[in-house]
Colleague: 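Please see the structure below; I have some questions.
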Amino acid sequence: PQDAVSKTRNALALARKRGEPGHEAYGLRILGDISMSLGDTKGAMVAYQGTKALTDTHGLRPLAALTELRIGRLLDWTGRKVDAQQHIDSAERLAADLGMTLWEMPTRSAKG
């Protein structure tokens, strides 16, 4: 996992240096996923929020939908069910608008 974090941070630095916000957004999303796998929910949220900011700024709507889903999953895992459901619903609406199917849906415990 530490090697994955190191390589992802290197990729992020390169994307930033080259002015590639799309690659930066994907790198942050990956960093968030790695953080989640390590149980670092705070680090994951910071990375996902960074991803979300870039997707909003640069119109990366498919990645925005997936990031909203991940934020919803993270909030659900940390017990923030109502907030989680808002992000999951947002992800579903955005995906529907784009004609996307969200294959990685979290458990729907936030509704029930």
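Just so you know, these numbers use all the heavy atoms, side chains as well, and skip hydrogens, waters and symmetry mates.
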Colleague: To the closest 0.5 Å, what do you measure between CG (Asp33) and CG (Leu66)?
Modeller: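 Going from CG on Asp33 over to CG on Leu66, the span is 9.5 Å.
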
Colleague: Hey, could you give me the OH/CG distance between Tyr26 and Leu31, rounded to the nearest 0.5 Å?
Modeller: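 Interatomic distance, Tyr26 OH to Leu31 CG, rounded to 0.5 Å: 16.0 Å.
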
Colleague: Ignoring hydrogens, what is the shortest heavy-atom contact between Ile34 and Ser37? Give both atom names and the distance.
Modeller: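 In this case the closest contact between Ile34 and Ser37 is O-OG, 2.7 Å.
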
Colleague: Quick check: is Leu28 connected to Leu38 through a chain of hydrophobic side chains (ILVMFWY, heavy atoms under 4.5 Å apart)?
Modeller: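 Linked, Leu38 and Leu28 end up in one cluster.
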
Colleague: Hey, could you give me the OG1/CD distance between Thr101 and Glu92, rounded to the nearest 0.5 Å?
Modeller: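 Going from the OG1 atom of Thr101 to the CD atom of Glu92 covers 11.0 Å.
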
Colleague: Can you list the steps and then say if Met36 with Trp77 is a side-chain contact (heavy atoms from CB on, under 4.5 Å)?
Modeller: CA-CA 10 Å; Met36 279 297 296; Trp77 287 344; 2.5 Å; yes

Colleague: Identify all side-chain donor-acceptor contacts of residues 56-64 below 3.5 Å with residues at least two apart in sequence or on another chain.
Modeller:
unit_1 : atom_1 : unit_2 : atom_2 : d
Asp56  : OD1    : Lys52  : NZ     : 2.7
Asp56  : OD2    : Lys52  : NZ     : 3.2
Thr57  : OG1    : Ala53  : O      : 2.9

Colleague: Quick check on the hydrophobic clustering: are Ile30 and Val5 connected, directly or via other members, by side-chain heavy-atom contacts under 4.5 Å?
Modeller: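 Same cluster.
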
Colleague: Mind checking the CD-CZ spacing from Glu24 to Arg16? Nearest 0.5 Å is all I need.
Modeller: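 Separation between the atoms: 4.5 Å.
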
Colleague: Rounded to the nearest 0.5 Å, what separates atom CD in Gln49 from atom CG in Leu74?
Modeller: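 Taking CD in Gln49 and CG in Leu74, the distance rounds to 9.0 Å.
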
Colleague: Taking Thr8 for the side chain and Ala4 for the main chain, is one N or O donor matched with an acceptor at less than 3.5 Å?
Modeller: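 Flag set: sc Thr8 to bb Ala4 pair under 3.5 Å.
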
Colleague: Closest approach of Gly72 and Ala84, non-hydrogen atoms and distance?
Modeller: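 Gly72 and Ala84 have their closest heavy atoms at O-CB, 3.2 Å.
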
Colleague: Let me confirm one number: the CD1-NZ distance from Ile88 to Lys81, rounded to the nearest 0.5 Å.
Modeller: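 These two atoms lie 9.0 Å from each other.
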
Colleague: Tell me if a side-chain donor or acceptor on Ser6 pairs with a main-chain N or O of Gln2 at a distance below 3.5 Å.
Modeller: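 Not a single qualifying donor-acceptor pair exists.
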
Colleague: Would Met45 and Leu75 satisfy side-chain contact (heavy atoms from CB on, under 4.5 Å), going step by step from the backbone distance to the final call?
Modeller: CA-CA 9 Å; Met45 183 58 81; Leu75 292 170; 3.7 Å; yes

Colleague: For the backbone of Arg29 and the side chain of Thr51, can you confirm whether one donor and one acceptor N or O come within less than 3.5 Å of each other?
Modeller: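 Yes; at least one donor-acceptor contact below 3.5 Å.
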
Colleague: Grab the two heavy atoms, one from Ala65 and one from Ala91, that are nearest each other, plus how far apart they are.
Modeller: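 In terms of heavy atoms, the two residues are closest at O-CB, 3.3 Å.
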
Colleague: Between the side chains of Asp3 and Lys7, is the shortest nitrogen-to-carboxylate-oxygen separation below 4.0 Å, so that they form an ion pair?
Modeller: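 Answer for the salt bridge query: yes.
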
Colleague: Looking at every heavy atom in both Gly32 and Ala44, which two are closest together, and how far apart are they?
Modeller: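 Answer, listing the atom of Gly32 first, then Ala44: O-CB, 3.5 Å.
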
